[in-house]
Amino acid sequence: VELFARRHPDRVEGLVYADAATSGMLERILPELTWLRRQAACLAPLAARTGLFRLADPFGLRRSGSPDAARAVALMYRVEPADTLCGLVRASAATVAEFRAAPPISNGIPLTVLSAETNAGLRLPWLGPLPFSVRERYDMHELFSRQSARGRWQVVAGSSHLIGNSQPHSLAVAVLDMLKEIRGPAAGPAGSS
């Protein structure tokens, strides 16, 4: 999303990031993606095909306490997301090079960056512990929000990485506020449901 917005600012009205990774985070993680870790990530499709991915629950979805945990397990541990994960890891160096070559985000684009309160739910199983703390993640998100004169950054109280699951109202308000900023008052009041 960030790369598209940077390359095609004329096709983007506004952005809402829900604890999403940014190019700065990818730069930070890239040195951690050793050959062995890339290979481990690309075993995920095989593990998904055989049911080992669901059994191992590497993202801790069953332990999340979410009432939708069974649904999340059924959706996340399929072959398609595992293939996507492998592709993302394999292409990470090329993606960093593309970000370095791309123009910056348009200074006038409305940009809302939401940070989860904790790192709960933010797991890269083949990587081990995240290479940055909660405070560092906040700093990277805040820095990213400052790329636009219309950027805002907010920590969502009580949220895990999956803000849409843990604090759906906060995410909905951010999207409605963005629509209101883009389209004007006709988009509806913030906080309405």
Side-chain angles (χ1 to χ4, degrees), residues 1-9 11-12 15-64 66 68-69 71-106 109 111 113-116 118-134 136-141 143-145 147 160-165 171:
V1 169
E2 178 187 345
L3 192 56
F4 183 87
R6 289 168 62 173
R7 287 182 173 166
H8 307 284
R11 296 178 67 189
V12 177
L15 296 166
V16 175
Y17 271 63
D19 207 46
T22 66
S23 54
M25 290 176 172
L26 183 57
E27 290 257 5
R28 183 75 183 274
I29 290 172
L30 188 62
E32 305 291 325
L33 294 176
T34 63
W35 178 87
L36 185 60
R37 287 178 170 158
R38 286 193 306 274
Q39 297 309 309
C42 288
L43 288 174
L46 176 62
R49 280 184 187 87
T50 60
L52 292 174
F53 215 25
R54 284 183 190 216
L55 185 64
D57 190 21
F59 293 104
L61 298 174
R62 284 189 194 91
R63 296 185 301 275
S64 70
S66 167
D68 295 326
R71 183 172 186 268
V73 166
L75 292 173
M76 185 66 185
Y77 296 143
R78 294 176 302 125
V79 173
E80 294 84 359
D83 279 337
T84 300
L85 173 68
C86 175
L88 288 169
V89 170
R90 278 193 178 151
S92 56
T95 302
V96 166
E98 288 183 63
F99 274 121
R100 289 176 181 162
I105 283 188
S106 172
I109 192 165
L111 172 63
V113 181
L114 305 176
S115 294
T118 70
N119 278 342
L122 181 57
R123 298 170 188 253
L124 303 172
W126 67 95
L127 241 183
L130 286 176
F132 42 82
S133 68
V134 172
E136 289 171 308
R137 183 170 47 81
Y138 288 175
D139 292 345
M140 287 185 272
H141 277 157
L143 182 64
F144 182 72
S145 74
Q147 291 185 35
S160 66
H161 171 60
L162 299 175
I163 294 173
N165 287 350
L171 180 56

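In this chain, numbering begins with 1 at the start of the sequence shown. Predicted, not measured: the structure shown is a model, and the values here were computed from it.
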inquiry  = Let's go through Leu171 and Val16 carefully: what are the C-alpha distance in whole Å and the side-chain angles of both, what is the deciding distance for side-chain contact (heavy atoms from CB on, under 4.5 Å) to 0.1 Å, and is it a yes or a no?
reply    = CA-CA 9 Å; Leu171 180 56; Val16 175; 4.3 Å; yes
Measuring from atom [atom1] of [X] to atom [atom2] of [Y], what distance do you get when rounded to the nearest 0.5 angstrom?
X      : Y     : atom1 : atom2 : answer
Thr50  : Leu55 : OG1   : CG    : 9.0 Å
Phe144 : Glu2  : CZ    : CD    : 4.0 Å
Ser23  : Leu30 : OG    : CG    : 12.5 Å
Gln147 : Leu15 : CD    : CG    : 10.5 Å
Leu52  : Asp57 : CG    : CG    : 13.0 Å

Using modelled atom types and a 3.5 Å cut-off, is there a donor and acceptor pairing between side-chain atoms of [X] and backbone atoms of [Y]?
X      : Y      : value
Arg137 : Thr118 : yes
Tyr17  : His141 : no
Arg38  : Leu33  : yes
Arg90  : Cys42  : no
Arg37  : Glu32  : yes

For a quick test of reading the model, state the closest non-hydrogen atom pair linking [X] to [Y] and the distance between them.
X      : Y      : value
Ile163 : Ser115 : CD1-C, 4.1 Å
Asp19  : Ala116 : OD1-N, 3.0 Å
Ala82  : Phe53  : CB-CE2, 4.1 Å
Ser145 : Val113 : CB-CG2, 3.8 Å
Met25  : Ala20  : SD-O, 4.0 Å
Ile105 : Arg6   : CG1-CG, 3.4 Å

ask   = Heavy-atom distance under 4.5 Å between the side chains of Pro81 and Leu75, does that happen here?
value = no
